[in-house]
Structures are given as C-alpha cells and as structure tokens.
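Down below is the structure, laid out as structure tokens.
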Amino acid sequence: MPELPEVETVRDGLARHVLGRTVVDVDVRRDYSVRRHEAGPLDFAARLTGRRLEAAVRRGKFLWLLLDEGAGRGDDALLAHLGMSGQLLVRGAHLADAGASGGTTDVVVAPGSVGWVEHPHLRVRLGLDDGSALDFVDQRTFGHLSVPDLVPTPDGAPGGLGSARQALPVPVAHIARDLLDPALDRRAVVTAMRARRTEVKRALLDQTLVSGVGNIYADEALWRARLHGARPTAALRATDVERLLDAAAEVMTQALEQGGTSFDALYVDVNGASGYFDRSLAVYGQDGRPCPRCGTPVRRDAFANRSSFTCPRCQPRPRPRRA
DNA sequence: CGCTCTACCTGTGTGC
DNA sequence: TGCACACAGGTAGAGC
C-alpha cells in the first residue's frame with residue numbers, strides 16, 4: 001500500500017518526468033476517481049486543460065502538482081491521493097530522452113499507437129503537450145484526483161518551497177507535517193501524542209498528529225521501538241515516543257532507498273510494499289514467521305477492522321486497564 | 001471537543 | 001465448478 005515512501009517515490013518520478021509539461025487533454029474514464037472535486041468531472045477537466053505543471057510537492061500521503069497561474073484565479077494544484085492501490089504512470093514519447101535518469105532501453109510507444117496496451121484500471125488520463133500521458137490507475141478506487149485551491153496555513157508548505165508558495169491544497173490543510181519533513185517539530189509531536197487518550201498505534205496513524213504512516217510502517221515502527229500498539233499514549237514516557245518516531249522515520253527512509261533503487265524509469269510507478277519492500281518487513285504480514293530479533297512467532301491480531309502484527313515477546317501486550 | 005466506528009471500493013483468495 | 005464471503009486499508013464524516 002502506498003504510504004509515505006511510496007508516495008515520495010512517485011513524487012520524485014513526477015518531478016523528473018512531467019514538470020514543465022502542459023496538460024492538453026483530460027480524459028476522466030471513471031467519475032468516481034474525481035469524486036472529491038466537488039464541481040464535477042467537467043470542471044476538473046476544464047481547470048486542468050492548458051495548465052502547466054510547475055512543481056511536485058508531497059505531504060504525508062498527499063501529493064500535488066502546482067499549476068501555473070490560471071486566468072483570473074488564485075493558486076491551485078492537481079491533488080492526488082493514491083488510496084491503497086493508486087498509481088501514477090508516465091507513459092509516452094518524451095521518455096525516449098529520459099536515458100540519463102533511467103538508462104532504459106525499452107521501446108517507447110506513444111499512447112494510442114500500435115503496441116500500446118492500456119492499463120485495465122485506467123481511471124484518468126492527462127494528455128501532455130509532448131505527446132506523453134500521465135495515467136491515474138487505481139484498481140480499488142480508494143484513490144482520487146482533484147484540483148483544489150491553495151490556502152495559506154500557519155504551518156506553511158513542506159519542503160522549503162519559496163514564500164510565494166507557502167500554501168497547501170484545501171484538503172491537505174489539516175494534515176500534519178510528516179516525519180521526513182525537515183520543518184517538523186518533533187517535540188511538539190511527542191507532546192501531542194502523549195496528550196492523547198488513546199492507544200499508541202492509533203495516535204501514530206492519526207494524520208493530524210504526524211502524517212505519512214500507514215498500517216504497514218506503523219507495525220514496523222512499533223516493532224523496532226519494542227512497543228505494543230495497544231499501549232496507552234498517556235502512559236508512555238517521552239523517550240518511548242521519541243524512539244517510536246525515530247523508528248518510523250528510519251523504516252520509511254530505508255523503504256524509500258529501496259524503492260528508489262528499483263524505480264523503473266519507464267513509469268512513475270508504485271506497487272506499494274508488495275513491490276519491493278516485502279523482504280525487509282519484520283512483522284507486517286509475517287504471522288507465524290519467526291521474529292527477526294528473537295525468533296518468537298509473529299502474531300496477528302484484529303485492529304480497527306484490519307490487522308496488527310507484533311512479536312509477542314519483544315512487544316508485550318499491556319495489561320488491560322480498568323476504567 | 002475528543003475519540004471511535006463505518007462507508008466507500010474491487011480484485012483476490014479461501015472455504016464450503 | 002461455482003458461489004459466498006472475508007480481506008486488504010486511508011480518509012471523511014457520522015456517532016457517541
């Protein structure tokens with residue numbers, strides 16, 4: 001599933017392959033994929049057509065492409081959330097000269113030409129001015145695209161953008177900075193998490209506290225920090241929370257490095273953890289397999305309509321608290 | 001307001 | 001073989 005490292009891999013690919021291009025055609029194959037664009041698919045297409053893609057920005061699991069100035073309107077952006085199966089694929093002619101970044105020898109086929117195979121889960125296609133296409137592909141349709149306005153926030157934009165771009169897409173305004181954002185206030189996150197009256201895994205997954213962590217990396221981070229996700233945040237020491245945040249940042253950085261090395265230059269692609277990080281997962285999806293640290297079989301438990309994976313020895317479950 | 005729970009989707013895998 | 005159902009899970013919004 002696309003969490004922060006996978007989304008960052010996509011952002012990087014977009015930054016290298018589509019910036020400077022202008023959208024010349026918008027083909028929404030499934031309206032549901034633009035459901036968050038409240039003015040509807042026609043308005044979505046109208047707002048994008050003729051616009052130039054100027055920067056690729058990410059916060060947590062949200063990703064957006066800043067658009068050049070629209071006629072008589074404020075700043076806006078093409079916003080994407082990949083959900084659990086979304087992909088952004090760059091396909092087409094301009095990749096022929098992308099050898100410097102990817103070294104690919106693949107035959108490049110223009111969209112629509114002989115030999116072109118369209119992805120069965122293509123939801124939205126953006127035709128670009130060099131004959132290439134940016135495809136939004138999403139099997140399970142939890143992902144979505146929209147073109148929201150940018151709004152100034154007290155928090156400001158991620159990643160050291162210029163002051164003219166100190167703004168976030170409306171749907172991202174409430175999302176906290178992520179663990180790889182240099183401007184993240186770690187101490188404030190620790191304080192906020194400990195102030196919560198909930199379990200630590202729930203707090204780690206709360207995108208308004210710190211963003212980018214999903215179910216997979218939450219379990220991996222908790223395992224690295226030797227904490228059970230059911231531990232009450234209020235009972236944790238500050239050093240426990242700091243260790244957890246360090247572990248989460250570390251595991252996501254490592255995943256990002258692996259994702260980067262396996263990145264196929266022909267695609268701006270993401271297959272989620274199943275694509276390339278599987279072999280490095282200590283506990284997620286590993287029920288019954290030995291814990292890499294102590295050999296105790298990894299355990300799977302129900303958690304919030306999904307699963308949690310833990311080592312019962314390294315991460316002892318807290319004693320049930322009485323109210 | 002703070003926290004928990006569910007709806008939203010569809011392809012894949014499993015059990016009967 | 002075919003059908004039913006569980007499962008994967010991020011987010012918004014409803015509910016308490």
Side-chain angles (χ1 to χ4, degrees), chain A residues 1-8 10-11 28-38 41 58-64 79-88 119-124 136-146 148 168-176 178-179 189 191-222 229-236 248 252 255 270-275 277-278 281 283-288 300-309 320-321 323:
Chain A
M1 313 308 150
E3 300 181 26
L4 187 153
E6 293 76 25
V7 179
E8 173 58 20
V10 174
R11 189 208 62 77
V28 178
R29 301 291 181 89
R30 184 178 285 219
D31 289 355
Y32 189 76
S33 291
V34 297
R35 64 193 175 282
R36 297 285 173 193
H37 190 86
E38 298 196 4
R58 180 191 57 73
R59 172 177 284 201
K61 305 170 199 170
F62 282 89
L63 167 66
W64 61 98
L79 178 68
H81 196 294
L82 302 178
M84 55 186 294
S85 59
Q87 297 171 280
L88 284 165
H119 198 288
H121 301 115
L122 176 62
R123 308 304 189 194
V124 179
F136 179 64
V137 170
D138 189 16
Q139 180 197 102
R140 276 172 265 188
T141 70
F142 270 40
H144 52 89
L145 302 181
S146 63
L168 298 172
V170 170
V172 187
H174 69 289
I175 300 293
D178 60 64
L179 284 166
V189 174
T191 302
M193 286 185 73
R194 295 179 72 212
R196 282 297 178 86
R197 293 298 178 265
T198 187
E199 298 173 357
V200 65
K201 180 169 173 178
R202 291 179 186 276
L204 188 58
L205 291 172
D206 186 338
Q207 307 294 302
T208 68
L209 287 173
V210 63
S211 67
V213 182
N215 201 39
I216 296 172
Y217 295 116
D219 279 1
E220 292 299 304
L222 287 160
R231 297 271 294 271
T233 48
L236 291 177
M252 290 195 295
V270 59
N271 289 313
S274 61
F277 199 62
D278 264 5
L281 294 173
V283 287
Y284 183 84
Q286 309 297 312
D287 47 321
R300 171 183 164 173
D301 292 290
F303 165 79
N305 285 332
R306 36 185 72 82
S307 297
S308 279
F309 299 89
R321 293 187 309 154

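Here is how names work: the chains are called A, B, and so on, in the same order as the sequence lines, proteins then strands, and each is numbered from 1.
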Test side chain to side chain contact (heavy atoms under 4.5 Å, CB included) applied to His37(A) and Leu79(A), step by step: CA-CA 10 Å; His37(A) 190 86; Leu79(A) 178 68; over 6 Å; no
Distances for protein N or O near nucleotides 12-16 of chain C N or O, under 3.5 Å:
unit_1	atom_1	unit_2	atom_2	d
dA12(C)	OP2	His174(A)	NE2	3.2

Just how far, in rounded Å, is [atom2] of [N] from [atom1] of [X]?
X        : N       : atom1 : atom2 : result
Tyr32(A) : dT11(C) : OH    : P     : 14 Å
Arg35(A) : dG10(C) : CZ    : P     : 15 Å
Gln87(A) : dG10(C) : CD    : C1'   : 17 Å

State, with a plain yes or no, whether a side-chain heavy atom of His81(A) is found less than 4.5 Å away from one of Phe142(A). no
Indicate yes or no: at least one non-hydrogen side-chain atom of Leu82(A) is less than 4.5 angstrom from one of Glu6(A).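 Sidechains of Glu6(A) and Leu82(A): no contact.
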With a strict under 4.0 Å distance from non-hydrogen atoms of chain A, what nucleotide opens and what nucleotide closes the contacted stretch of DNA chain B, reading 5' to 3'? dC3(B) to dG11(B)
Separation of [Y] [atom2] from [X] [atom1] (nearest 0.5 Å):
X         : Y         : atom1 : atom2 : value
Leu281(A) : Glu220(A) : CG    : CD    : 4.5 Å
Asp301(A) : Phe309(A) : CG    : CZ    : 9.5 Å
Leu204(A) : Thr233(A) : CG    : OG1   : 11.0 Å

Treating Thr198(A) as the side-chain partner and Ala203(A) as the backbone partner, does any N or O pair qualify as donor plus acceptor under 3.5 Å? no
Tell me if a side-chain donor or acceptor on Arg300(A) pairs with a main-chain N or O of Gln286(A) at a distance below 3.5 Å.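 Not confirmed, Arg300(A) side chain does not pair with Gln286(A) backbone.
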Residues Arg196(A) and Asp206(A) bridged, charged N to O under 4.0 Å: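 Counted as a salt bridge, because a side-chain N and a carboxylate O are separated by less than 4.0 Å.
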Got a list of protein N/O to nucleotides 5-8 of chain C N/O distances below 3.5 Å?
unit_1	atom_1	unit_2	atom_2	d
dA8(C)	OP1	Arg300(A)	NH2	2.8
dA8(C)	OP1	Ser307(A)	OG	2.8
dA8(C)	O3'	Tyr284(A)	OH	3.2
dA8(C)	N3	Arg140(A)	NH1	3.0

Could you walk me through whether Phe303(A) and Leu205(A) pass the side chain to side chain contact (heavy atoms under 4.5 Å, CB included) check? CA-CA 12 Å; Phe303(A) 165 79; Leu205(A) 291 172; 3.8 Å; yes
Assign each of His121(A) and Ala195(A) the nucleotide of DNA chain B bearing its closest heavy atom; nearer the 5' end lies the nucleotide of Ala195(A)
End-to-end axis angle, where each axis spans five pairs of the helix from dG2(B)-dC16(C) to dC16(B)-dG2(C), to 10°: 60°
Name all residues meeting the ring pair (Phe, Tyr, Trp, His ring centres under 6.0 Å) criterion together with Phe136(A); count only those two or more places apart in sequence or in a different chain, and write none if there are none. none
Contact summary for Gly214(A) and Lys61(A), nearest pair of heavy atoms: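 Closest approach of Gly214(A) to Lys61(A): CA-NZ, 3.5 Å.
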Salt bridge (charged side-chain N to carboxylate O under 4.0 Å, His left out) partners for Arg35(A), two or more places apart: none
